[in-house]
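Notes follow once the structure below has been shown.
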Amino acid sequence: MSSTTLSDLAFQRCIYPACGATYGIEEVRVSCSACGGLLDVAYDWQRLRPPASWSFFEQKWARRRDPLCFSGVWRFHELLPFAAPEQVVTVGEGQTLLHASQGVARYVGLREGRLFLQYEGMNPSGSFKDNGMSAAFTHARAIGATRAACASTGNTSASLALYCSVTRLMKAIIFVGSGKIAYGKLAQALDYGALTVQIHGDFDDAMARVQEVSRELGVYLVNSVNPFRLEGQKTVMYRVLEGLAWQPPDWIVVPGGNLGNSSAFGKAFAELAELGLIDRVPRLAVINAAGANTLYDLYTRQGLRWNGGAVERSLVDAYYTEMDRLQRRASTIASAIEINRPVNLAKCLRALDTCDGVVREVSDQEIMDAKAQVGAGGLGCEPASAASVAGARLLRAEGVIGPDERVVCVLTGHQLKDPTATVAYHTTDQQQFNELLGRRGVRRAAFANRAVAVPNDLDEIMKAIQLYS
Ligand code: F0G
């Protein structure tokens, strides 16, 4: 397909206002060639004239037999208008749920009806990544790519592999750190037929390699340095607003790994405010795992800020130099966010600026306890996702979040992604617990639901049921 059919009302632009270099929408790039900064997809809203009210989007649901109206990403097409309708690639992503959870509200310390879980585990590949993959795929197809690659802690790769196998448009090449990805995710990549390259190293090693390989071989890169990915991820926030009858909540709480989500959410709110579709921007809380806390260290401890685009890069460089000198590597049970060098750091700083944001870190103990509370409420999630709930609880305890505020925690990935962590938490086998969780500082499983071992004998089985139920 000819690239000239992509919208001429959209372009790519360096995120740093002082540079502001622009590039065509048909170009494949992950950074600004003038200054090395990240890129945004930007729009000529004056000429595009997006809808002035949300009712326009609501009406699309009545036309949901049209895949572009059914998709939870593309029914907001007018807010990410970089491709023509016939170019859009969708597999039905974004049919997600905003669930008011009383149990989790109580756990977090919020009044009833104030805590919402945005359950992105309902996506076709079981995580929020499908929102972004659908957008990246749309761009990739439009520019004629035949192979797509990513480095991943597992969910991006599962999503890429799924889009490749469902659409047959591209061949998937995925880079993972060996032993660094949860079984549910590895199973998906293998089952969907992706070329799976296991690197001896972690996510950051895989990320560095995939960028080299995609440059050398001209393979389309779908990691979140790709600005089109993040356009799709903006729609998570549109659906949150939809679930709240278009009233912005007080807080959005999201786990922070490579910082694509937080960056996309900030962009979404900045644009919605600019377009007059919201009159208030929610506050953003980004939650690191304590074992992978680069953003927390830099933002909360060292005071790094967006600063109108004048980010103090020397602070970041010094931080990484020291990290390398100490050979400090990320380590957390929340393998999805076990990342040392978040590629979207600068964009995330901008989002924190837009949304008057805060950053916190939570321990693996807090993550696993919060995860058990989410699971007990019926919408299970993987460990990384529960960082949002643990973070909301921490911010509530600090008094930063008030008891009456409306808080949305984004549950980024499905419970079944990482059964090993879940079973280890609930197990009666102390050795199994220690091997996975004890060594990461998890001391107890306060909310464990332990299996009851019973001999294969009817009387004994019935006795156990009477005793425990
Ligand atoms: N939650 C889950 C379940 C994830 O898989 C990821 C990232 C994050 C949170 C962090 O999101 O990067 O936008 O800050 N997973 C990536 C992957 C790195 O490769 O699947 P972020």
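One-based numbering, in listed order, for ligands and for the atoms of each. In what follows, residues are counted from 1 in the order of the sequence shown.
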Hey, is S224 one of the residues with a heavy atom under 4.0 angstrom from ligand 1? no
Output yes when the distance from some N or O of ligand 1 to some N or O of G260 is under 3.5 Å, and no in every other case. yes
Side chain, backbone, both or neither: which applies to K417 and ligand 1 if a contact is any heavy-atom pair less than 4.0 Å apart? neither
Applying a 4.0 Å heavy-atom criterion (strictly less than), which segment of I337 is in contact with ligand 1: side chain, backbone, both, or neither? side chain
Please identify which atoms of ligand 1 are closer than 4.0 Å to at least one heavy atom of N258. 12 (O), 14 (O), 21 (P)
Within 45° cone of Y296 ring axis and under 6.0 Å: R301 NZ or CZ: no
Specify the protein heavy atom at minimum distance from atom 13 (O) of ligand 1: its residue, its atom name, and the distance to 0.1 Å. N261 N, 2.8 Å
Between the candidates L411, L259, N288, D418, which shows the shortest non-hydrogen contact distance to atom 21 (P) of ligand 1? L259
Going by distance alone, is a donor N or O of one side chain under 3.5 Å from an acceptor N or O of the other, for Y23 and S33? yes
Strictly under 4.0 Å, does any heavy atom of V286 approach an atom of ligand 1? no
Relative to ligand 1, is V254 under 4.0 angstrom through side chain, backbone, both or neither, heavy atoms considered? neither
Under a 4.0 Å heavy-atom limit, does K129 contact ligand 1 with its side chain, its backbone, both, or neither? side chain
